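Nothing here was measured: the structure is a model prediction, and the numbers come from that model. Counting from 1, the numbers follow the sequence of the chain as shown.
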Amino acid sequence: MRPATATAAAVTTLIGVGAVAVAAGRHASEVALGTASGRPLPGDPRLTVHATGPDRVTLTRSLASLRPGTYGMTGPGLHAVVGPPLDRFPHTADTVVRRLERVERGALAPGTRVRLTPQLHTGTPETALGLPHEDIDLPGELGPLPAWLVTGPRPTWVVTVHGVGTGREHALNLVPFYARRRVPVLVPAYRGDEGAPAPADGLGRLGDTEWRDVDAALRYAVRRGARKIVLHGWGTGASMALRAAAESGVRDRIAGLVLDSPVLDWETTVRRLAAARGVPGPLVPLAVRAALGRTGPHADRLAAATAPDALRVPVLLAHGPDDTIAPWEPSVELAARRPDLVSLLTVREAPHTAMWNADPLRYEEALRRFLTPLM
């Protein structure tokens with residue numbers, strides 16, 4: 001009886017360990033894929049404000065605070081905008097001085113803990129930019145989806161799709177560029193965003209189901225008279241744009257894709273999100289397996305949408321090697337496979353979905369050249 005008892009005990013232990021592993025994997029996948037709207041992306045450290053002065057702010061020195069370009073800066077009750085580092089101002093070895101463009105909300109004081117974000121603006125196109133807009137509810141698969149429409153006389157529309165870590169306000173960085181060119185811009189929310197229906201299980205799919213909300217935006221634009229549509233997506237929003245271009249019932253109206261930091265390697269991105277959000281190393285593979293089990297075979301669908309014969313419209317792809325969330329290499333490979341359709345804008349020293357922030361002038365010039373033949 002002793003061997004049988006020992007065997008039973010071992011089996012019970014294995015079952016218990018397996019159950020713990022499954023539970024741990026499910027929890028880790030929820031940490032990686034939770035859909036809280038505007039939840040900050042992991043990876044960049046919190047910074048401390050050390051001092052403020054006329055048009056400048058002194059921050060903890062780090063790779064994040066040393067990046068070139070213009071970024072939003074958020075903290076408790078705070079939203080500000082900072083420009084490039086200012087080397088000419090005195091600072092200690094562990095601090096950096098950046099230009100302070102403006103404080104939109106709250107107060108900036110020494111000791112404040114902040115993060116840098118690609119999202120410059122808060123509010124609506126009208127309150128943030130002075131651009132009149134329409135508030136719209138799109139008929140989404142799970143329920144109404146709030147959207148902003150900045151109208152314009154051109155028959156080619158732009159539909160924007162934000163990514164993980166920001167909300168639709170991220171698109172306000174580029175709305176003035178489009179408005180100056182009199183291009184209508186539709187800025188929708190999608191499932192899991194503030195004001196939009198949430199998935200039943202609270203998990204995002206990194207674009208795999210969310211793209212159907214992009215399809216709802218495309219259909220609305222067509223009903224309102226759009227003859228051609230350019231999809232401009234960031235991160236998972238870029239992946240949604242690719243899926244829509246491949247599968248939407250109105251894909252014949254899509255004239256071009258602007259893909260900023262696209263998520264083209266689903267499993268690697270899940271691993272990086274899980275690790276960056278504090279999932280212990282041994283649990284990261286479990287998180288990926290649990291995410292696949294709960295949300296489906298994303299890699300196959302993404303591969304189909306980016307296959308050489310799947311792309312049918314011009315693509316402007318903006319990405320860089322310093323993206324720690326969505327690997328850059330698949331973007332390089334995509335551009336190499338279809339040089340006839342894909343133009344790659346390489347932006348260095350830029351985090352995920354912040355290619356415009358790092359070099360706005362070069363980004364907008366590339367965007368202008370890309371759009372001109374599509375208008």
Expected output: side-chain Asn173 to main-chain Leu120 donor-acceptor under 3.5 Å: yes

Common cluster, Trp148/Val230, ILVMFWY with side-chain heavy-atom separation under 4.5 Å: yes

side-chain contact (heavy atoms from CB on, under 4.5 Å) between Leu63 and Arg67, worked out: CA-CA 6 Å; Leu63 290 176; Arg67 288 184 185 124; 5.5 Å; no

Heavy-atom side-chain proximity of Trp234 to Ser261 below 4.5 angstrom: no

Side chain Ser248, main chain Ala245, donor-acceptor under 3.5 Å: no

Test item: side-chain donor near acceptor, Arg227 and Thr156, under 3.5 Å: no

Gap separating the CG atom of Leu259 from the OG atom of Ser331, nearest 0.5 angstrom: 8.0 Å

Shared hydrophobic cluster, Leu78 / Val82 (ILVMFWY, side-chain heavy atoms < 4.5 Å): yes

Modelled atom types, side-chain donor and acceptor of Thr58 and His50, under 3.5 Å: no

Within-4.5 Å side-chain heavy-atom neighbours: His133 and Leu149: no

Criterion side-chain contact (heavy atoms from CB on, under 4.5 Å) on Tyr71 and Gln119, from CA distance to verdict: CA-CA 7 Å; Tyr71 290 87; Gln119 181 177 307; over 6 Å; no

Leu66 atom CG: more than 12 heavy-atom contacts under 6.0 Å: yes

Side chain proximity check, Pro54 to Arg56, heavy atoms < 4.5 angstrom: yes

Closest contact, heavy atoms only, Pro85 versus Val96: CB-CG2, 4.1 Å

Same apolar cluster: Ile229 and Val313, side chain cutoff 4.5 Å: yes

CG on Leu316 to CG on Leu371, rounded to 0.5 Å: 8.0 Å

Interatomic spacing from CZ in Arg181 to CZ in Arg154 - rounded to 0.5 Å: 9.0 Å

Side chain His352, main chain Pro262, donor-acceptor under 3.5 Å: no

Validation row: Met355, Leu345 side chains within 4.5 angstrom (heavy atoms): no

Leu317 and Ser343, any side-chain heavy atoms less than 4.5 Å apart: no

Rounded distance [0.5 Å steps], CG in Asp94 versus OG in Ser62: 11.0 Å

Flag for Thr127-Thr124: side-chain donor and acceptor within less than 3.5 Å: yes

Minimum-distance pair of heavy atoms, taken over all atoms of Ala244 and Leu231: CB-CD1, 4.0 Å

From CG (Leu242) to CG (Leu311), nearest 0.5 Å: 6.5 Å

Given Val258, Val185, Leu367, Val158, the one that forms side chain to side chain contact (heavy atoms under 4.5 Å, CB included) with Leu174: Leu367

Criterion side-chain hydrogen bond (donor to acceptor under 3.5 Å, both in side chains) on Arg113 and Thr48, from CA distance to verdict: CA-CA 5 Å; Arg113 299 280 282 170; Thr48 300; 2.8 Å; yes

Thr70-Asn357 side chain donor-acceptor pair, cut-off 3.5 Å: no

Check: Arg115 side chain, Met73 main-chain N or O, donor-acceptor pair, under 3.5 Å: no

Non-hydrogen atoms of Glu247 and Arg243 that approach each other most closely: OE2-NE, 2.6 Å

Within one Ile-Leu-Val-Met-Phe-Trp-Tyr cluster: Val114 and Val81, side-chain cutoff 4.5 Å: no

Salt bridge (charged side-chain N to carboxylate O under 4.0 Å, His left out) between Glu104 and Arg102, worked out: CA-CA 6 Å; Glu104 293 192 338; Arg102 62 185 181 273; 3.0 Å; yes

Where Pro197 and Leu145 come nearest, the two heavy atoms and their spacing: CD-CD2, 3.8 Å

Carboxylate-amine/guanidinium contact Arg212 Glu210, below 4.0 Å: no

CA sep, side-chain torsions, deciding dist, call: His319, Val347, side-chain contact (heavy atoms from CB on, under 4.5 Å): CA-CA 6 Å; His319 209 169; Val347 183; over 6 Å; no

Flag side-chain contact, heavy atom, 4.5 Å: Ile254 against Leu218: yes

Aromatic ring pairing Trp157/Tyr220, orientation class (parallel under 30°, perpendicular over 60°, tilted between): perpendicular

Side-chain donor/acceptor of Thr74 to backbone N/O of Thr117, under 3.5 Å: no

Donor-acceptor pair, side chain of Arg191 and main chain of Ala196, under 3.5 angstrom: no

Same cluster (ILVMFWY, side-chain, under 4.5 Å), Ile136 and Tyr178: no

Any side-chain heavy-atom pair of Thr269 and Pro327 under 4.5 Å: yes

Listed once per pair and sorted, the salt bridge (Lys or Arg N to Asp or Glu O under 4.0 Å) pairs that draw on residues 352-365, sequence neighbours left out: Arg180-Glu364, Asp359-Arg362, Glu365-Arg368, Glu365-Arg369

Smallest separation among heavy atoms of Pro125 and Leu172, with atom names: CG-CD2, 3.8 Å

Pro146 side chain reached by Asp135 side chain, heavy atoms, under 4.5 Å: no

Test item: Thr268 side-chain N/O and Asp265 main-chain N/O as donor-acceptor pair under 3.5 Å: no

Backbone N/O of Gly123 and side chain of Glu169: donor-acceptor pair under 3.5 Å: yes

Gap separating the OG1 atom of Thr160 from the CG atom of Asp260, nearest 0.5 angstrom: 12.0 Å

Heavy-atom donor-acceptor pair, Tyr190 side chain to His162 backbone, under 3.5 Å: yes

Sidechain-backbone polar pair: Thr60 side chain, Leu47 backbone, donor-acceptor under 3.5 Å: no

Nearest heavy atoms of Thr236 and Val164, plus distance in Å: OG1-N, 3.4 Å

Check against side-chain contact (heavy atoms from CB on, under 4.5 Å), Arg61 and His91: CA-CA 10 Å; Arg61 192 178 189 86; His91 55 83; 3.6 Å; yes

